[in-house]
Number of protein chains: 2
Amino acid sequence: MPTIKDIAKAAGVSPASVSRVINDGPKVGAKTREKIKRIMREMQYQPNANAQAINMQNNASIGIVLADLTDPLFAKMAHGIEKVAAQKDLQIFLNSGAFDRASELDAIEVLLEHRYKALVVHSAMIDDKTLIDFARKVPGLVLLNRHIKEIENRCIWLDDKLGGALMADHIVDKGHKKIAVIGVDGIQNNTRLRIEGMKAQLAKYPVTYEIEMLEQGAATYEGGEVAVQNLLARGVEFSAILAYNDAIAVGAVSMLKAHGMTVPDDVSVVGFNNLILAQCMKPKLTTIHNPIEEMAMKATELALSLSKGNGDSEPDYVMDEHKYSPVLVERQSVTRLS
Amino acid sequence: MPTIKDIAKAAGVSPASVSRVINDGPKVGAKTREKIKRIMREMQYQPNANAQAINMQNNASIGIVLADLTDPLFAKMAHGIEKVAAQKDLQIFLNSGAFDRASELDAIEVLLEHRYKALVVHSAMIDDKTLIDFARKVPGLVLLNRHIKEIENRCIWLDDKLGGALMADHIVDKGHKKIAVIGVDGIQNNTRLRIEGMKAQLAKYPVTYEIEMLEQGAATYEGGEVAVQNLLARGVEFSAILAYNDAIAVGAVSMLKAHGMTVPDDVSVVGFNNLILAQCMKPKLTTIHNPIEEMAMKATELALSLSKGNGDSEPDYVMDEHKYSPVLVERQSVTRLS
DNA sequence: TTGAAAGCGCTACCAT
DNA sequence: ATGGTAGCGCTTTCAA
């Protein structure tokens, strides 16, 4: 693998000139430039990005940490990030963290060791404090899909309370009074926030509502099945289910059918995220749209612009640009109760 | 950001000793080692991976190129690669190529410039010749989900002909004679291979079958809808649809319903890949299981072991370990014709 | 066990 | 417009 010196020698010029050509720098004569270019091509020269990085004291690409790639929601994040990277002609380096704390930490560390300056991290398992430390240390680090009060100017997150309120409002509008919620636990407590939002919203109505909370581990199709199974086993009464995400909702629908109940006639179901799955379902799923792709794009832009600064002064910010709002998408899985 | 020199100075030792500690090398006294470690911690030392890489002449992590992250099938690849990386305690760097030739090429180049030695690339848009050149130049490069004859010992692929045969066999077993195929075009021609497989299989039966091929761009839910729309508009007769993937199959089912036909009573549908989607569907989708995750794991191991060698001699290989077989998964979307 | 010093491939400053 | 060269942060002989 030829180095800059080899090229220089072969072209009869100095390494400095070759470097200039590589970086499209000025101060190189036209013929010299052409000659060097030709030789580089002939010798299949490939710059060593590591050597470049060590000199430039930084790494221009964008570093990304994603908690899990197999979740389509997260895949959407990756896509959003890619979009702005492509448009700015930057590369992204993605390090995924298999959904456990240690590997998420590892992923961040490795990116830092490679001196990536702009970092978009979607962490599901790392605690607030650790992330705050990271954020303070690394000016170009932005947290995606997470809200930490102390560094909220470095976060891009979804308004989960509003999401909960939206769900509650819709279901109450339709005349439901007995509501079951399928959530998931996790460090982020999205579920708790959504339930807060629901309760706050419900409190505005004159009637009393029963919210039956069912914690449940997996945010998956199977998780939805199990949750409904449990609800039924416990003899809980409900006419509507508010699910943590679309996959759970679909699993719930399936298990309800298995028990001879149809959706929405016997039970109404609302999902969350509005993934493609929600549209494919029968019945089409009423759900809450999650603008995660926009959020990812915003986070990337933020990380990029923050990484340019020196990190001395935290930038001003308007919360509205950091907190994104979910939107209700009404389809066919909720019925009106007479 | 402290360097190795800063640590050395603070600890009153030479940079060499610090380096030894960093790399868990021998020849360092116990107390010296402890002291250096303490200082590193105190000063929050973080090794510069770029500097390390430039010395070691290589990059230990695994480089990955994926054509598209938003397709769940590809997300599964990423997951498989991750699994073996984690188990070997290696990092992965993923560069995704937005499904166009230029950015796929770019992704590979960048990884090479960073001197990654083990490369798993899933390219959908780059031509054979270019990939062959890459493979010859980079000993640790492995092609995932692609078969190029000239370098098949460097490829991990699915037996598409067998996939087609499986589909055909099943549908014929069930008494169908008029078959519509929804494919997608692309550089890889999976579709063509599958159709070859179908025809070869069909030829073994005494009856004549009609295969109606419908090319179609998008391998998505919407693509499936459009394809069925077109089939119907063209007045094609069919009792079964063989789809390129599960998403298309689901879209097809939806559009059939929209035209008042039910699956499987009026039309049978077979998908491909066996993603979670196939199980969530009503009716549950009969499909072809694609062992992509195993394939990804295998590809990663191969890349890793190849990158260890000097590249002088192409390793022996047994084709069976490179060509993976799809498997029919019978569910509820195919009916028996009387 | 430790340290001095020569690179790794490249950039950028200072001369020419 | 060009070349010489001193680093960038680290690893790795080779001596001590």
Side-chain angles (χ1 to χ4, degrees), chain A residues 1-40 43-61 91 109-117 138, chain B residues 1-40 43-61 91 109-117 138:
Chain A
M1 185 130 283
T3 74
I4 205 173
K5 280 186 192 168
D6 301 322
I7 304 296
K9 199 166 298 171
V13 300
S14 77
S17 293
V18 179
S19 175
R20 290 180 187 115
V21 171
I22 293 173
N23 299 292
D24 276 320
K27 311 188 183 221
V28 185
K31 345 65 168 326
T32 319
R33 165 167 275 130
E34 280 322 306
K35 181 174 186 185
I36 294 178
K37 277 192 174 171
R38 183 171 49 75
I39 305 242
M40 290 201 303
M43 301 183 66
Q44 304 210 50
Y45 173 74
Q46 245 181 349
N48 184 320
N50 300 124
Q52 294 183 160
I54 210 187
N55 277 287
M56 321 277 255
Q57 299 285 45
N58 88 87
N59 199 320
S61 333
Q91 288 290 328
E109 294 285 4
V110 171
L111 254 11
L112 289 178
E113 288 177 4
H114 281 267
R115 300 298 188 264
Y116 288 87
K117 296 304 187 217
V138 188
Chain B
M1 185 130 281
T3 75
I4 205 174
K5 280 187 192 166
D6 300 322
I7 305 294
K9 198 166 298 173
V13 300
S14 77
S17 293
V18 179
S19 174
R20 290 180 186 115
V21 171
I22 293 174
N23 299 292
D24 275 321
K27 311 186 182 219
V28 185
K31 342 75 169 318
T32 321
R33 165 166 274 129
E34 280 322 307
K35 182 173 186 183
I36 294 178
K37 278 193 175 171
R38 183 171 50 75
I39 305 240
M40 290 200 305
M43 300 182 65
Q44 304 210 53
Y45 172 73
Q46 245 182 349
N48 184 321
N50 300 123
Q52 294 183 156
I54 210 186
N55 277 286
M56 321 276 253
Q57 298 286 47
N58 86 86
N59 200 320
S61 331
Q91 289 289 328
E109 294 284 5
V110 170
L111 254 9
L112 289 178
E113 287 177 3
H114 282 267
R115 299 299 186 264
Y116 288 88
K117 293 306 186 216
V138 188

Would you indicate whether the side-chain heavy atoms of A/M1 and B/Q57 approach each other to under 4.5 Å? no
Distance, rounded to the nearest Å, where A/N59 contributes CG and D/dG9 contributes C1': 15 Å
Close approaches to DNA chain C from residues 7-26 of chain B, in residue order (heavy atom, under 4.0 Å): B/G12, B/V13, B/S14, B/A16, B/S17, B/R20
Flag the pair B/K117 / B/N59 as yes when at least one side-chain heavy-atom distance between them is below 4.5 Å, and no otherwise. no
Hey, which sits more toward the 5' end of DNA chain C by its nearest nucleotide, B/K31 or A/P2? B/K31
Of all heavy-atom pairs linking A/M43 and A/A10, the shortest is SD-CB, 3.8 Å
For the helix from C/dT1-D/dA16 to C/dT16-D/dA1, what angle lies between the axis at the first five pairs and the axis at the last five pairs, to 10 degrees? 40°
Any side-chain heavy atom of B/Q52 within less than 4.5 Å of one from B/I22? yes
If you look only at pairs with a residue in residues 1-29 of chain B, which of them pass as a salt bridge (Lys or Arg N to Asp or Glu O under 4.0 Å), with sequence neighbours excluded? none
How many Å lie between NZ on A/K27 and P on D/dG4, as a whole number? 18 Å
All N/O contacts under 3.5 Å from nucleotides 6-8 of chain D to the protein, with atom names and distances to one decimal?
unit_1 : atom_1 : unit_2 : atom_2 : d
D/dG7  : N2     : A/N55  : OD1    : 2.6
D/dC8  : O2     : A/N55  : OD1    : 2.9
D/dC8  : O2     : A/N55  : ND2    : 3.3

Students should find this one: the first and last nucleotides of DNA chain C, 5' to 3', lying under 4.0 Å from a heavy atom of chain A. What are they? C/dG9 to C/dC13
Run the side chain to side chain donor-acceptor pair (under 3.5 Å) test against A/Q46 and tell me which residues pass, sequence neighbours left out. B/E109
